[in-house]
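A short write-up of the structure that comes next.
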Amino acid sequence: MMGKHNDSIGCVVSECRFHAKAEDYCTLEKIQVTKHESLAKTKQCTDCGSFEKE
Ligand code: SF4
């Protein structure tokens, strides 16, 4: 993925095709944060819904 990263979206998921690689940032302009529990009680209940495998 080429191009400038988004300073507002830090991310360490380097396995994602949108990760900036050289730095721990996302390259998308916008991401969707999701949850996989009906009621999120901890941050472990949330996910990046924009993740795509490389
Ligand atoms: S889409 Fe989500 S998981 Fe992928 S680099 Fe961006 S913030 Fe990280």
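Please read these numbers as outputs of a predicted model, since none were measured by experiment. Numbering of ligands and ligand atoms starts at 1, following listing order.
Taking OH of Y25 as the reference point, atom CG of N6 lies at 9.5 Å (rounded to 0.5 Å).
A salt bridge links R17 to E52: at least one charged side-chain nitrogen sits closer than 4.0 Å to a carboxylate oxygen.
Look at C26 and atom 6 (Fe) of ligand 1: an N/O/S atom of the residue is under 2.8 Å from the metal. Counting backbone and side-chain atoms alike, C48 contributes an N/O/S atom closer than 2.8 Å to atom 2 (Fe) of ligand 1.
Just one residue in the list V33, T34, I31 forms a side-chain contact (heavy atoms from CB on, under 4.5 Å) with S50, and that residue is I31.
Among C11, S50, C16, the residue whose heavy atom lies closest to atom 7 (S) of ligand 1 is C11.
Atom CD of E29 has 12 or fewer heavy atoms from other residues, nucleotides or ligands within 6.0 Å.
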